[in-house]
Visitor: 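Below is the structure I would like to discuss, written out as structure tokens.
Residue indices begin at 1 and follow the sequence shown.
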Amino acid sequence: MARAGLTTERVVRAGAELADELGFDQVTVSELARRFDVKVASLYSHVNSSQDLKTQIALFALEELADLAADAVAGRAGKDALIAFADAYRDYGRQHPGRAAAARLRLDPETAAASAGVRHARMTRAILRGYDLAEPDQTHAVRLLGSVFHGYSSLETAGGFSHSAPDSQESWTRILDALDALLRNWPTAPTL
């Protein structure tokens, strides 16, 4: 029987908050039970295991980030859309480092196909339409953007850019300018 006041949504949200506080790798049903001051068994009517909890947090983070990114790019195109999209990812990673890590959790194909990850891919491809990239170059560009956005955010959150000049914001701005230039001048594939 579910403990009064506990819902799956509340458990998952608390797990996401725990991930931001302690790190996504540290999230367990046991740790969450301590936070709620309940027995572990009380949470098993809401999540099946620590891995299920992590999967639910990942789905929550993907949905939350997709909503933020969609709001950021609404009505924008070209470089403006690219910058708004990138800033949404970076800001989310800085504000919610555990959730950002959760959004990168490897999901099984069925779960991934039903997740907001699909919205992320669609938004990225919509932004890339402004750069007139055909396949397979569009897929290469999607992977490049994801790598830059997630990689930069992860390194920045870990303090990787805090020990040297120039300021991280200046680098971010220059990187986005470089990405825009690259996307406008995408190299042609070599002929074999």
Side-chain angles (χ1 to χ4, degrees), residues 7-35 40 43-73 82 84-128 133 135-161 172 175-176 179 183:
T7 64
T8 301
E9 181 181 333
R10 186 167 174 229
V11 167
V12 171
R13 183 173 290 280
E17 291 167 3
L18 185 63
D20 288 339
E21 182 183 327
L22 300 178
F24 184 59
D25 291 342
Q26 302 303 311
V27 173
T28 63
V29 173
S30 297
E31 182 61 34
L32 198 54
R34 279 192 283 283
R35 296 295 170 107
V40 172
L43 298 182
Y44 283 129
S45 58
H46 304 288
V47 293
N48 297 327
S49 63
S50 289
Q51 186 57 44
D52 181 46
L53 174 61
K54 287 184 175 187
T55 298
Q56 295 302 319
I57 294 168
L59 294 172
F60 172 80
L62 285 167
E63 187 73 34
E64 189 174 56
L65 181 52
D67 290 344
L68 291 170
D71 287 346
V73 301
L82 175 68
F85 192 66
D87 285 346
Y89 274 80
R90 181 179 179 220
D91 292 347
Y92 190 77
R94 293 191 310 186
Q95 294 168 9
H96 301 292
R99 295 178 205 194
R104 294 187 301 272
L105 180 70
R106 184 180 184 139
L107 302 171
D108 67 75
E110 185 177 312
T111 303
S115 77
V118 174
R119 287 179 56 207
H120 293 263
R122 283 188 194 136
M123 280 187 280
T124 306
R125 288 181 185 280
I127 290 167
L128 290 174
L133 294 176
E135 285 299 348
D137 289 330
Q138 191 176 89
T139 296
H140 298 317
V142 167
R143 292 173 180 168
L144 171 68
L145 294 178
S147 298
V148 171
F149 301 162
H150 291 292
Y152 195 92
S153 179
S154 295
L155 290 168
E156 184 178 41
T157 301
F161 306 134
W172 181 248
I175 287 167
L176 295 180
L179 282 173
L183 292 169

Visitor: To the nearest 0.5 Å, tell me how far L18 CG sits from R35 CZ.
Guide: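 These two atoms lie 5.0 Å from each other.
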Visitor: Are L144 and L179 side-chain neighbours, meaning at least one heavy-atom pair lies under 4.5 Å?
Guide: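 A side-chain contact under 4.5 Å exists here.
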Visitor: Test your reading of the model: is there a side-chain donor-acceptor pair from S154 to the backbone of H150, 3.5 Å cut-off?
Guide: yes
Visitor: Within a strict 4.5 Å, meaning less than it, do heavy atoms of the Q56 and V11 side chains meet?
Guide: no
Visitor: Give a yes or no answer on whether the side chain of D20 reaches the backbone of G98 with a donor-acceptor pair at less than 3.5 Å.
Guide: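 Yes; at least one donor-acceptor contact below 3.5 Å.
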Visitor: If you round to the nearest 0.5 Å, how far is CG of L62 from CG of L105?
Guide: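 Taking CG in L105 and CG in L62, the distance rounds to 9.0 Å.
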Visitor: State whether a side-chain donor-acceptor pair under 3.5 Å links D52 with S49.
Guide: no
Visitor: Under 4.0 Å between a Lys/Arg side-chain N and an Asp/Glu carboxylate O for E135 and R125?
Guide: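 Salt bridge flag = yes for R125 with E135.
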Visitor: So among F149, F85, Y152, which one has a side chain to side chain contact (heavy atoms under 4.5 Å, CB included) with L176?
Guide: F149
Visitor: Using every non-hydrogen atom in the two residues, find where A19 and R99 come nearest and quote the distance to one decimal.
Guide: CB-N, 4.4 Å
Visitor: Heavy atoms, side chains only, cut-off 4.5 Å: are L32 and V27 in contact?
Guide: no
Visitor: Hey, do the aromatic rings of H120 and Y89 have their centres closer than 6.0 Å?
Guide: yes
Visitor: Using every non-hydrogen atom in the two residues, find where L65 and A88 come nearest and quote the distance to one decimal.
Guide: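 Shortest heavy-atom contact: CD1-O, 4.0 Å.
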Visitor: Going from CD1 on I175 to CZ on R90, what distance comes out if it is rounded to the nearest 0.5 angstrom?
Guide: 9.0 Å
Visitor: Mind listing the closest non-hydrogen atom pair of R10 and T7 along with its distance?
Guide: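 Taking R10 first and T7 second, the nearest heavy atoms are N-OG1, 3.0 Å.
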Visitor: Please give me the minimum heavy-atom distance between A66 and A116, naming the atom from each residue.
Guide: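 Shortest heavy-atom separation between A66 and A116 comes out as CB-CB, 4.1 Å.
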Visitor: For A102 versus F24, what's the shortest heavy-atom pair and its separation?
Guide: CB-CE1, 3.4 Å
Visitor: Taking side chain as C-beta onward, heavy atoms only, is L128 less than 4.5 Å from L145?
Guide: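 The answer is yes, as the side chains (C-beta and beyond) meet within the 4.5 Å cut-off.
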Visitor: Using 4.0 Å as the upper bound for N to carboxylate O, is an ion pair formed by E17 and R13?
Guide: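 E17 and R13: not salt-bridged.
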Visitor: S50 side chain to V29 main-chain N or O, any donor-acceptor pair under 3.5 Å?
Guide: yes
Visitor: Look up atom CE in M123 and atom CD1 in I127, then write down how far apart they are to the nearest 0.5 Å.
Guide: 7.5 Å
Visitor: For the pair R104 (side chain) and A100 (backbone), establish whether a donor and an acceptor sit closer than 3.5 Å, ignoring hydrogens and angles.
Guide: yes
Visitor: If you measure from CG on L53 to CG on L43, what distance do you get to the nearest 0.5 Å?
Guide: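 Result: 8.5 Å between the selected atoms.
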Visitor: Tell me, yes or no, whether the heavy-atom count around R143 atom CZ, taken from other residues, nucleotides or ligands under 6.0 Å, exceeds 12.
Guide: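 No, because the 6.0 Å sphere around CZ of R143 holds 12 heavy atoms or fewer from other groups.
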Visitor: Within a strict 4.5 Å, meaning less than it, do heavy atoms of the F60 and E9 side chains meet?
Guide: no
Visitor: Restricting to non-hydrogen atoms, name the atom on L133 and the atom on A141 that form the minimum distance, rounded to 0.1 Å.
Guide: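 Looking at all heavy atoms of both residues, the closest pair is CD1-CB, 3.6 Å.
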Visitor: Give a yes or no on whether a salt bridge exists between D91 and R94, defined as a side-chain N under 4.0 angstrom from a carboxylate O.
Guide: yes
